[in-house]
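Reviewing the structure listed below.
Indexing begins at 1, ligand by ligand and atom by atom, following the structure's order.
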Amino acid sequence: MPTKRRGLLASFFLVESVSLTDRVVVVGGGPAGLMAAGRAAEEGAEVLLVEKTARLGNKLRLTGGGRANISHAGDAQATSAHLGSAGPFLSPGLTRFGPRELMAFFNERAMPTAIELDGRVFPKARNAHMVVAALRSWCLAQHVTFRYRSAVNGICVDDGRVTGVAIDALTIGGGAVVLATGGVSYPNTGSTGDGYRLAEGLGHSVVPPAPGLIPLVCSDTWVAGLAGVSLQDVMLEARQGSASLASERGDVLFTSYGLSGPATLNLSSRIGRLFERGAVAIRIDLAPDTDAGALDAALAQRFRMAGRASLGGVMRDMAPGSLTKVIIQLSGADAARPGAEISAIQRGRMAQLLKGLELHAVATRPIQEAMVTLGGVSTCEIDPETMASRLVRGLFFAGELIDIAGDSGGYNLQAAFTSGWLAGMGAARAVREPV
Ligand SMILES: Cc1cc2nc3c(=O)[nH]c(=O)nc-3n(C[C@H](O)[C@H](O)[C@H](O)COP(=O)(O)OP(=O)(O)OC[C@H]3O[C@@H](n4cnc5c(N)ncnc54)[C@H](O)[C@@H]3O)c2cc1C
């Protein structure tokens with residue numbers, strides 16, 4: 001194939017060169033890359049999927065505790081509300097390939113899905129390996145070729161158009177390239193941020209990566225004693241100085257170093273970048289449906305009726321045992337004292353603690369432990385209808401590499417599948433009808 005002008009990378013990698021303008025090369029064998037590859041092949045393109053590791057879907061196999069929470073039931077609007085600032089960007093895609101279409105996709109490919117009471121969608125077999133197997137079988141049936149243990153380290157561009165990818169000294173030709181290399185968390189799964197470097201090398205802006213959906217490290221010495229204690233349906237509020245930064249309602253888990261659990265993870269994605277400015281106060285409201293006055297009145301009544309029963313005993317069902325001890329300790333009261341002898345000031349202090357137990361988060365856990373990477377290729381430079389680069393013709397993006405990060409509950413895999421589906425179709429069209 002004659003070329004008009006060779007790009008910088010193309011001229012470096014000429015040792016073993018194949019040039020195929022009607023081939024789509026997908027970089028990355030995670031959920032986004034697999035969906036893009038199968039979809040492009042279904043649209044008639046010849047597709048090569050290049051994966052850095054020896055296995056497809058390494059991270060996908062870990063999701064949902066090995067059960068793969070692949071989506072969350074709801075329409076496009078409800079889903080996009082859980083994708084933070086990237087929600088509007090992915091909305092057009094979600095109306096075409098949202099949770100309903102994703103479930104139908106897997107149901108039709110021998111992987112029945114089930115919706116839990118809270119709306120989370122899993123494979124009926126609760127087995128993440130089955131998701132990978134279903135995607136792989138579908139790709140193979142569409143004649144997608146896989147190349148393993150191959151790290152793409154360059155995108156070849158000629159005259160503003162993609163011409164292939166480079167794997168060290170080897171170039172593989174392709175008229176369209178889908179970059180689906182994921183973020184930087186859990187690097188042993190293969191997601192090590194290569195896509196950021198490749199995209200930046202082509203002039204794309206990358207919002208700096210930061211950890212999302214990650215436990216918080218707290219400086220409060222009493223926290224370690226609560227490790228393993230879980231709280232259901234509490235309200236978390238994050239504050240810095242007098243400013244309320246974010247709030248989240250749901251379940252929380254105390255760990256030896258701080259806080260985890262779904263509500264903490266969601267909150268972390270909103271405050272993770274703020275630790276550069278200092279510690280973040282996390283207030284836990286253990287009784288979010290009862291206002292402070294009503295709670296104080298309820299405590300007053302309990303203490304009046306308590307007789308000689310100890311304060312610890314009277315408070316027992318207000319919170320898990322070890323947390324009750326901490327609350328009594330922080331209020332300055334004596335757990336062994338009879339409940340009836342507790343002063344109004346101490347009672348008020350306890351009501352305050354139940355409505356706003358304050359911890360001091362000083363950091364998130366390291367980004368390597370994050371369930372999702374915040375940041376990535378700027379959505380401003382990507383066409384939301386096709387996931388095509390607005391800067392380089394024939395280049396497409398999919399999955400966590402893009403600046404999209406969702407709440408926990410299946411939103412990140414849905415985003416990976418939706419963007420992969422769009423990118424696969426866009427890439428197939430790009431090789432069929434090059435502009
Ligand atoms: C422990 C854990 C649990 C999670 N649970 C859930 C859940 O239940 N529900 C949910 O919605 N989300 C969950 N997530 C998030 C979800 O797994 C990710 O958002 C999703 O996997 C992103 O898909 P992706 O295809 O964009 O990237 P990845 O899954 O990261 O895949 C990227 C692929 O690209 C390959 N690659 C990287 N660089 C190169 C290169 N240079 N050349 C070739 N290949 C390359 C990698 O080896 C990898 O296979 C979880 C994450 C973790 C870590």
* Asked: Which atoms from ligand 1 have a heavy atom of V27 less than 4.0 Å away?
  -> 42 (N), 43 (C)

* Would a distance-only check, ignoring hydrogens and angles, find a side-chain to backbone donor-acceptor pair under 3.5 Å from D220 to L359? -> no

* Asked: Are any non-hydrogen side-chain atoms of R147 and L49 less than 4.5 angstrom apart?
  -> no

* **Identity and separation of the nearest protein heavy atom to atom 3 (C) of ligand 1** => T63 CA, 3.6 Å

* To do: May I ask you to list the atoms of ligand 1 that are less than 4.0 angstrom from any heavy atom of S150?
  => 42 (N), 43 (C)

* Asked: Is it true that R161 and D159 make a salt bridge, defined as a side-chain N closer than 4.0 Å to a carboxylate O?
  -> no

* Determine, for E200 against R197, whether the closest basic-nitrogen to carboxylate-oxygen distance falls under 4.0 angstrom. => no

* **Protein contact of atom 28 (P) of ligand 1 - nearest heavy atom, named by residue and atom, plus distance** => S191 OG, 4.0 Å

* Quick one: side-chain contact (heavy atoms from CB on, under 4.5 Å) partners of Q232, sequence neighbours excluded? -> S230, D251

* **Face-on cation placement of R55 at Y148 ring, 6.0 Å and 45° thresholds** => no

* Relative to ligand 1, is D194 under 4.0 angstrom through side chain, backbone, both or neither, heavy atoms considered? -> side chain

* To do: Could you list the atoms of ligand 1 found under 4.0 angstrom from a heavy atom of G28?
  => 33 (C), 34 (O), 35 (C), 44 (N)

* Structure fact -> Looking only at protein heavy atoms, what sits closest to atom 37 (C) of ligand 1 is G190 O, 3.2 Å

* Asked: To which protein heavy atom is atom 48 (C) of ligand 1 closest, and what is the distance rounded to 0.1 Å?
  -> E51 OE1, 3.6 Å

* Asked: Just which atoms of ligand 1 are under 4.0 Å from any heavy atom in A151?
  -> 42 (N)

* Asked: In the protein, which heavy atom is nearest to atom 9 (N) of ligand 1, and how far is it?
  -> N69 O, 2.9 Å

* Using only heavy-atom distances, determine whether the side chains of Q414 and T79 contain a donor-acceptor pair under 3.5 Å. => no

* Asked: Any chance the side chains of S247 and E237 put a donor and an acceptor closer than 3.5 Å?
  -> no

* Asked: Among side-chain atoms of S389 and H204, is any donor-acceptor pair under 3.5 angstrom?
  -> yes

* Structure fact -> The atoms of ligand 1 lying under 4.0 Å from a heavy atom of A180, numbered in the order shown, are 32 (C), 33 (C), 34 (O)

* Asked: With atoms numbered from 1 as shown, which atoms in ligand 1 lie under 4.0 angstrom from a non-hydrogen atom of Y411?
  -> 11 (O)

* Taking the non-hydrogen atoms of L213, is any one of them nearer than 4.0 angstrom to ligand 1? -> no

* Do the side-chain N and O atoms of W421 and E101 include a donor-acceptor pair separated by under 3.5 angstrom? -> no

* Nearest-contact summary for atom 25 (O) of ligand 1 - protein heavy atom, Å -> A32 N, 3.0 Å

* **Between S378 and D403, a side-chain donor and acceptor under 3.5 Å** => no

* To do: Answer yes if the side chains of D194 and N153 hold a donor-acceptor pair under 3.5 Å, and no otherwise.
  => no

* **Close approach, S185 and ligand 1, non-hydrogen under 4.0 angstrom** => no

* Structure fact -> In ligand 1, the atoms that come under 4.0 Å of a heavy atom of V50 are 43 (C), 44 (N)

* To do: From the options G399, G64, P31, select the one whose nearest heavy atom is closest to atom 23 (O) of ligand 1.
  => P31

* Is N58 in contact with ligand 1, taking contact as a heavy-atom separation below 4.0 Å? -> no

* **Heteroatom distance test (L413, ligand 1): nitrogen or oxygen, under 3.5 angstrom** => yes

* Taking atom types as modelled, is there a side-chain donor on E51 or T53 under 3.5 Å from an acceptor on the other? -> yes

* Asked: What atoms of ligand 1 come within less than 4.0 Å of a heavy atom belonging to G182?
  -> 26 (O), 27 (O), 30 (O), 32 (C)

* Asked: Tell me: protein heavy atom nearest atom 15 (C) of ligand 1, and distance?
  -> M371 O, 3.4 Å

* Does L60 have a heavy atom less than 4.0 Å from any atom of ligand 1? -> no

* Asked: Looking only at protein heavy atoms, which one is nearest to atom 26 (O) of ligand 1, and how far off is it?
  -> E400 N, 2.9 Å

* To do: Please determine if R55 has a nitrogen or oxygen closer than 3.5 Å to a nitrogen or oxygen of ligand 1.
  => no

* Can E116 and K124 be counted as an ion pair, charged N to O under 4.0 angstrom? -> no

* To do: Please confirm whether V152 comes within less than 3.5 Å of ligand 1 when only nitrogen or oxygen atoms on both sides are compared.
  => yes

* **F106/F122 aromatic ring centres below 6.0 Å** => no

* Asked: Mind checking whether Q414 has an N or O less than 3.5 Å away from an N or O of ligand 1?
  -> no

